[in-house]
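Atom set for the values below is all heavy atoms of this structure, side chains included, hydrogens, waters and symmetry mates excluded.
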Amino acid sequence: MQQETANGTGYGAEAGTSGPDERLAALDRLVGTWRVSGGAEGTVVYHWMPGGFFLLQDVDLEQGGTRVRGLEVIGRERPFGAEAPSEDIRSRFYDELGNTFDYVYDVTGDTLTIWAGEPGSPAFFRGEFDAAGDVCTGAWTYPGGGGYASVMTRA
């Protein structure tokens, strides 16, 4: 993962941050192209924005007969003037229809959890990476018992 700031100005150092932390760096295992199967089918591609503070996800899926294309930006929020970045690793997904969706990411050991909205939300994804890190098998769970199985396989 690239550790220097994107523009070389030392912005991260000026803001009191020398580089991405361990919890953010744990998302590095997502970098690459993944084939998605289950309740949604298609491809997602994860790559770091220069500087290593934000992971970008390009999405091209079909879910329930609807094509879903968009971009997700994943990292710690740091609003203008804030002393420190957010505790949680947050994201916002933007789709081609103008919708936005907010998530919180966590990778602990081999478990990836993505909550819709806030941590502890009843809408979430939980998956486990295989020993090689090339398959993540899990499911999206929705309130009221809905959801679907999902498998990501590294392409």
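Of the charged side-chain nitrogens involved, none lies within less than 4.0 Å of a carboxylate oxygen, so that E41 and R67 do not count as a salt-bridged pair. A salt bridge does not link R69 with D58: every distance from a Lys NZ or Arg NE/NH1/NH2 to an Asp or Glu carboxylate oxygen is 4.0 Å or more. Between D88 and R90 there is a salt bridge, since a side-chain N of the basic residue sits under 4.0 Å from a carboxylate O of the acidic one.
With rounding to the nearest 0.5 Å, the separation of CD1 in I74 from OH in Y105 is 3.5 Å. Distance check: E128 CD to D110 CG gives 6.5 Å after rounding to the nearest 0.5 Å. Taken from CD in E72 to OG in S91, the straight-line distance is 3.5 Å, to the nearest 0.5 Å.
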Only distances under 3.5 Å count here; give the side-chain donor-acceptor pairs of residues 145-155 to other protein atoms, sequence neighbours excluded, each with its distance to 0.1 Å.
residue, atom, partner, partner atom, Å
Y148, OH, Q63, NE2, 3.3
R154, NE, D134, OD1, 2.9
R154, NH1, V31, O, 2.7
R154, NH2, R29, O, 2.8
R154, NH2, G133, O, 3.2

Would E77 and R92 count as a side chain to side chain contact (heavy atoms under 4.5 Å, CB included) if you check the C-alpha gap in whole Å, the side-chain angles of each, and the deciding distance to 0.1 Å?
CA-CA 10 Å; E77 291 180 341; R92 176 157 289 166; over 6 Å; no
Under the criterion side chain to side chain contact (heavy atoms under 4.5 Å, CB included), I'd like the reasoning laid out for L61 against V36: C-alpha separation, chi angles, the key distance, then a yes or no.
CA-CA 8 Å; L61 300 171; V36 177; 3.8 Å; yes
Let's go through V68 and L97 carefully: what are the C-alpha distance in whole Å and the side-chain angles of both, what is the deciding distance for side chain to side chain contact (heavy atoms under 4.5 Å, CB included) to 0.1 Å, and is it a yes or a no?
CA-CA 9 Å; V68 178; L97 302 176; over 6 Å; no
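Minimum heavy-atom separation, G52 to P20: O-CG, 3.0 Å. In plain terms, the two heavy atoms of L24 and G75 that are nearest each other are CD1-CA, 4.0 Å. Considering all non-hydrogen atoms of both residues, A116 and S121 come closest at O-OG, 2.9 Å.
Contact annotation: the side chain of W34 approaches that of Y46 to within less than 4.5 Å [non-hydrogen atoms, C-beta and beyond].
For residues 108-137, the set of pairs meeting the ring pair (Phe, Tyr, Trp, His ring centres under 6.0 Å) definition, not counting sequence neighbours, comprises F125-W140.
Of the listed residues (D106, L55, L27), just one forms a side chain to side chain contact (heavy atoms under 4.5 Å, CB included) with I89, and that residue is L27.
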